[in-house]
Amino acid sequence: MSVSSSSMCGGGETGMRIVVWFRRDLRVEDNPALAAAARAGGEVVPAYVWSPEEDGPYHPGRVSRWWISQSLQHLDASLRRLGAGKLVTRRSTDAVVALLQLVRDTGATHVYFNHLYDPISLVRDHRLKEMLAAEGIVVQSFNADLLYEPWEVVDDEGQPFTMFAPFWNRCLSMPYDPPAPLLPPKKINSGNLSMCPSDDLIFEDESERGSNALLARAWTPGWQNADKALTAFLNGPLADYSVNRKKADSASTSLLSPHLHFGELSVRKFFHLVRMKQLVWSNEGNHAAEESCTLFLRSIGLREYSRYLSFNHPSSHERPLLAHLRFFPWVVDEWHFKLWRQGRTGYPLVDAGMRELWATGWLHDRIRVVVSSFFVKVLQLPWRWGMKYFWDTLLDADLESDALGWQYITGSLPDGRELDRIDNPQFEGYKFDPHGEYVRRWIPELARLPTEWIHHPWDAPVSVLQAAGIELGSNYPLPIVELDAAKARLQEALSEMWQLEAASRATMSNGMEEGLGDSSEVPPIEFPQELQMEVDRQPAQAMANVPMTARRRQDQMVPTMTSSLNRAETEVSADLGNSEDTRAQVPFHAHFEPRVERQDAIQNAEGPAPRINGVHQNNIFQQPQHHRREAVAPSVSEASSSWTGREGAVVPVWSPPAASGHSETFAADEADVSSRSYLDRHPQSHRLMNWSQLSQSL
DNA sequence: GACTTGTTCTT
DNA sequence: AGAACAAGT
């Protein structure tokens with residue numbers, strides 16, 4: 001190594017020194033990278049790098065940042081208890097650079113970390129591995145996040161699955177079980193890190209402090225708390241999950257997703273414990289409880305599948321998987337987008353959901369489907385906007401899961417929902433919220449409306465509305481888009497989509513050369529201003545420890561009470577107490593627009609609305625998959641054949657999935673030649689993570 | 001017991 | 001839309 005030992009903060013004796021790089025695996029238990037480091041007996045340098053600029057528009061939102069900060073404190077305390085010095089933290093615009101620096105600072109000889117599967121991490125980790133290897137550092141990476149690595153789960157022909165059901169069936173019938181969870185290491189051998197510089201990481205700014213303090217009332221990040229929550233769920237709501245999961249409030253759900261997202265909880269431990277419960281209940285003949293386990297495991301399966309999909313189709317967070325969807329003429333209407341975010345669409349269930357999301361950073365899975373389906377099918381807004389808003393506001397924001405969810409809703413999965421069938425929020429309302437309690441909790445304006453009308457106030461007799469103190473169009477909006485109008489518009493849009501698709505096919509077969517697709521690519525619809533505010537537009541300064549706010553949306557500001565019990569006690573009573581003032585709880589930017597403007601907007605929506613052709617007019621040509629066989633990158637095929645235990649030195653590297661029956665219809669996000677890097681093939685990912693900027697800072 | 005008709009679910 | 005399932009003829 002080129003660094004002299006005198007400059008090393010760890011003392012510099014010639015032993016094995018291992019940097020354990022924590023990311024979204026903020027736990028001590030069942031953490032393969034940490035366990036391997038502890039077992040190796042060398043000195044362990046636990047490290048965390050905060051480099052949000054790398055994530056481009058998908059850098060963590062306020063609530064996520066709050067969670068990280070809490071979780072890191074918890075992790076640090078745990079590590080110290082085990083004998084580790086301290087969690088070394090670094091602030092950088094480039095995690096790879098920061099780690100190289102840390103390796104030099106500490107004289108580390110090894111770097112261990114656990115795998116991630118989002119497109120940004122796949123590329124970054126691959127680069128890290130190459131650069132460390134070039135410096136003679138040993139890199140080992142591990143599976144901590146999944147039951148099985150994506151490349152382990154393939155169909156009978158050895159191809160990746162393109163549908164969830166067969167994927168999950170295969171996971172459940174693999175010839176070997178997912179590894180049993182590891183216990184926390186008994187002792188971590190620490191070098192002397194007292195001189196090793198750490199940066200203070202700042203995850204919130206002044207304006208966020210108040211809101212964040214409220215989060216702490218409802219959530220306790222940290223792996224040990226995650227473990228407690230897990231136990232509570234397994235012994236409590238799990239048994240009734242199959243009966244209760246339809247209810248819109250969160251009493252029946254596990255509330256574990258933020259813990260899972262940050263890796264505070266090991267899915268494998270989770271999986272094994274649920275399976276044990278299932279076995280017990282099965283033996284007892286408790287059919288409902290057994291079914292609950294099956295259903296719950298399925299939701300773990302969806303999480304697995306989201307990583308699987310992201311690995312096999314790295315652009316699935318920005319481009320529809322089914323090629324024809326790229327021609328869908330999304331309606332670019334920022335006003336509707338705003339009304340949706342504010343919970344002012346005139347459809348009570350949708351509005352209640354959006355207000356809960358804003359207020360708490362949480363939404364029941366069913367309601368997520370309702371609001372996103374409304375977004376995509378009734379408003380026909382670009383799905384990426386909705387996904388980005390979810391990303392910014394959800395406490396469990398997770399790029400892979402959210403991409404899967406939105407692709408599902410958009411009809412971009414071979415086994416997803418059809419795009420052309422509009423769900424009726426009124427019917428869904430009576431399904432998920434039969435007594436209107438959920439709506440009344442989040443839309444106090446409607447609190448006095450009888451259940452009969454609660455999900456369709458526009459049908460209510462004037463006398464009923466008057467008695468309830470509701471004046472539609474002023475107190476509470478009329479539907480911003482009528483369902484019938486939406487259906488008609490959707491049909492139009494779909495036929496336009498098919499026409500464009502056919503036209504592109506014609507162009508393609510008209511003798512354009514194959515493979516020109518990528519260069520003429522039309523970028524996806526830009527995010528509107530409101531969604532860009534969280535991106536730091538300043539040129540990033542290395543090591544600058546600035547909070548990343550250039551222009552910030554007005555913060556979420558309602559107390560965060562996620563357990564419905566808490567909610568019932570505090571917020572409801574507060575809401576009902578003074579129904580006049582509760583508007584203060586409704587998210588809005590600066591002010592409510594005057595009524596007149598709203599009427600305009602409604603008319604506007606029903607008349608010709610501004611549209612732009614979704615994406616890619618010229619170039620959506622599916623790459624003919626000539627290279628199927630040789631399409632697997634060497635490192636991956638090596639990995640899939642030699643991967644037995646956890647001790648891999650293999651970093652998952654994206655490689656194009658070979659064609660299977662379905663991938664004919666899949667968009668060509670994974671064009672061709674295997675020898676080129678993922679980045680060469682994915683110009684959009686360059687854009688996403690500002691690759692050029694990162695390269696320059698090297 | 002083979003038919004209907006209705007309901008729920010789909011990532 | 002279509003499959004799987006339930007409950008009624």
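Note on naming: letters A, B, ... go to the chains in the order of the sequence lines (proteins, then strands), and numbering restarts at 1 for each one.
As a whole-Å value, the separation of A/Met163 CE from C/dA3 P is 13 Å. Between A/Ile409 atom CD1 and B/dC9 atom C1' the separation is 13 Å, expressed in whole Å. We find that CH2 of A/Trp168 is positioned 20 Å from P of B/dC9, with the value rounded to whole Å. Rounded to an integer number of Å, the gap from A/Leu413 CG to B/dC9 C1' is 16 Å. In this structure, the CG atom of A/Leu302 is 15 Å from the P atom of B/dC9, given to the nearest Å. With rounding to whole Å, A/Phe164 atom CZ is found 20 Å from C/dA3 atom P. Spacing between atom CD of A/Gln407 and atom C1' of B/dT10 amounts to 17 Å, rounded to whole angstrom units. Going from atom CZ of A/Arg368 over to atom P of B/dT10 covers 16 Å, rounded to whole Å.
Under the side-chain hydrogen bond (donor to acceptor under 3.5 Å, both in side chains) criterion, A/Trp223 pairs with A/Ser78, not counting sequence neighbours. With sequence neighbours excluded, no residue forms a side chain to side chain contact (heavy atoms under 4.5 Å, CB included) with A/Pro434. With sequence neighbours excluded, the residues satisfying side-chain hydrogen bond (donor to acceptor under 3.5 Å, both in side chains) with A/Asp177 are A/Arg275. Take A/Phe374 and apply the ring pair (Phe, Tyr, Trp, His ring centres under 6.0 Å) test, not counting sequence neighbours, and it matches A/Tyr347. With sequence neighbours excluded, the residues that form a ring pair (Phe, Tyr, Trp, His ring centres under 6.0 Å) with A/Phe296 are A/Phe233, A/Tyr241, A/Phe270.
Contacts between residues 418-427 of chain A and DNA chain B, defined by a heavy-atom separation below 4.0 Å, involve A/Arg421, listed by number.
The two atoms that bring A/Ser242 and A/Ala288 nearest to each other are OG-O, 3.2 Å, heavy atoms only.
Residue contacts shown for A/Asp365 include a base, since a base heavy atom lies under 4.0 Å away.
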